[in-house]
Amino acid sequence: MPDRPAGAVAAGAPAATAAAPSSRAGLRTRARGMPRRRTDRASPGSALLWLGPALLLIGGVVVLPAVELVRASLSRFSITGLRLGDAGTRNYTAVLQHPMLGTVVLNTVIWVVAVVALTVVISLAVAQFLTKDFWGRTVVRWAVIVPWAASLVITAKTFVMIYDFYYGTLNLLLGTVGLGPVDFLGSDAWIMASMVLVGVFVSIPFTSYVFVAGLNATPTEVYEAARVDGAGPFQTWWRITLPLLRPALLVAVVLNIINVFNSFPIIYVLNDRNPGFAHDTTITFMYKLAFKSAEKDVGMSAAAGVFNVLLILVVVVVYLRFTRWREESA
């Protein structure tokens, strides 16, 4: 192939450099002619129209009852529930000076810690089992969710019959092995453990399914890499599964703290036959102050309800701060 003359190259160079600016100018001209991409922003009126039903629901279900609770805690009521006037902070003082308040708070701490801790530990094992591939897994998953779908009152009444001193199934089983009957719902040594068992029973289904969702979202490549590196089952679970389950664990613990803390049917149904407040938590303590105690004071009950809300908020915030501190330190 003959060589290109040097003059031709020199002559062609300015033409090429001159063409470049013109092409860039053409691109700018075409860009100016193209329509710009619009960012669709909803007007405040349109956003309020879409959010209005949810805001009304929150206002009617959360905000309005909270305002009425605070208003009732600052009021005096007759024994029939009629408002008699303002009470100032006397209801709060009466609740703080109640002789059984310390016992009720201690019962609440034991109830929440025991139920949540046992629920999380057992649910982790149940979730690991439910993610395995075995015959009849669908039926087992349906059976696990039944206690959560059933009414808490029905479940508590069922356990009342199971725990019954004379005709309960549990005491009949103890009698067959030569053990005497146990007063599960009347003995100070057994009543809290009996309530905790029911609380764990009804909390396992929801918590297990939260962990199942977390396990299903874990990529299988991570486990394959761990097996290639020679990690054992416990190391894989401790170093991979548990850290990857942290978001699901956080959701499960927070929701269980709130649900167990406010669990009224289980404690009330199982502990209804016992007088006084010796085995009550803050939620049943609040109810009994208004309807089933010597005080029969709606104002005191409302003040106890305000304390109850503040206590659960403090517990949740402390737990969230603790988990955030753990993540930052890790």
Side-chain angles (χ1 to χ4, degrees), residues 103-104 106-132 134-212 252-253 256-257 259-281 283-284 287-288 292:
T103 302
V104 169
L106 180 60
N107 290 340
T108 305
V109 173
I110 295 173
W111 162 255
V112 174
V113 172
V115 173
V116 173
L118 290 174
T119 298
V120 169
V121 172
I122 298 174
S123 297
L124 282 171
V126 173
Q128 292 278 356
F129 174 72
L130 293 179
T131 55
K132 302 296 182 183
F134 58 91
W135 183 85
R137 184 178 66 173
T138 303
V139 178
V140 174
R141 286 188 172 187
W142 291 347
V144 168
I145 205 172
V146 168
W148 183 69
S151 168
L152 288 179
V153 176
I154 295 175
T155 303
K157 282 293 185 181
T158 302
F159 272 90
V160 167
M161 293 185 287
I162 293 174
Y163 287 144
D164 188 81
F165 182 80
Y166 297 102
Y167 308 107
T169 307
L170 195 52
N171 275 323
L172 292 177
L173 292 176
L174 291 176
T176 58
V177 295
L179 299 177
V182 177
D183 191 2
F184 292 102
L185 300 180
S187 172
D188 292 338
W190 285 98
I191 178 63
M192 181 58 69
S194 302
M195 293 191 300
V196 167
L197 178 62
V198 182
V200 172
F201 177 77
V202 300
S203 302
I204 285 177
F206 169 77
T207 313
S208 298
Y209 273 88
V210 171
F211 292 152
V212 167
V253 171
N256 270 301
I257 288 175
N259 291 334
V260 173
F261 198 95
N262 294 316
S263 181
F264 177 83
I266 295 174
I267 300 173
Y268 181 76
V269 172
L270 295 177
N271 189 41
D272 184 38
R273 65 182 65 185
N274 298 316
F277 304 97
H279 307 291
D280 284 294
T281 61
I283 193 73
T284 53
Y287 173 80
K288 285 185 175 181
K292 294 197 65 177

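Fair warning: this is a prediction, and the values are worked out from it, not measured in the lab.
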- Decide yes or no for Thr131 and Val212: does some side-chain heavy atom of the first lie under 4.5 Å from some side-chain heavy atom of the second? yes
- Item | Any side-chain heavy-atom pair of Leu185 and Asn271 under 4.5 Å | no
Taking [X] for the side chain and [Y] for the main chain, is one N or O donor matched with an acceptor at less than 3.5 Å?
X	Y	value
Ser263	Asn259	no
Arg273	Gly186	no
Trp148	Val202	no
Asn171	Asp164	yes
Ser187	Phe184	no
Thr284	Thr281	yes
Arg137	Lys132	yes
Asn107	Thr103	yes

Can you name the nearest heavy-atom pair linking [X] to [Y], along with the distance?
X	Y	value
Ile145	Pro205	CA-CB, 3.9 Å
Pro147	Ala143	CD-O, 3.6 Å
Trp111	Met195	CZ3-O, 3.1 Å
Ile204	Val126	CG2-CG2, 4.5 Å
Ser208	Ala127	O-CB, 3.7 Å
Leu270	Ile191	O-CD1, 4.0 Å

Separation between [atom1] of [X] and [atom2] of [Y], rounded to the nearest 0.5 Å:
X	Y	atom1	atom2	answer
Tyr268	Tyr287	OH	OH	4.0 Å
Thr158	Ile162	OG1	CD1	6.5 Å
Thr176	Leu174	OG1	CG	7.5 Å

- What residues form a salt bridge (charged side-chain N to carboxylate O under 4.0 Å, His left out) with Asp280, not counting sequence neighbours? Lys288
- Task: Could you pull out all residues at least two apart from Asp183 that satisfy salt bridge (charged side-chain N to carboxylate O under 4.0 Å, His left out)?
- Result: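 Result, salt bridge (charged side-chain N to carboxylate O under 4.0 Å, His left out) vs Asp183: none returned.
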- Task: With side chain to side chain contact (heavy atoms under 4.5 Å, CB included) as the test, would you mind laying out the steps for His279 and Ile267 before giving the verdict?
- Result: CA-CA 9 Å; His279 307 291; Ile267 300 173; over 6 Å; no
- Can a donor-acceptor pair be found between the side chains of Asn256 and Thr207 at a distance below 3.5 Å? yes
- Query: What is the ring orientation for Phe129 with Phe134, classed by angle as parallel under 30°, tilted 30 to 60°, or perpendicular over 60°?
  - Reply: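 Geometry flag for Phe134 against Phe129: parallel rings.
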- Note on the structure: For Phe159, the ring pair (Phe, Tyr, Trp, His ring centres under 6.0 Å) test, sequence neighbours excluded, returns Tyr163, Phe201
- Is there a side chain to side chain contact (heavy atoms under 4.5 Å, CB included) between Tyr209 and Arg141 once you walk through the steps? CA-CA 9 Å; Tyr209 273 88; Arg141 286 188 172 187; 3.1 Å; yes
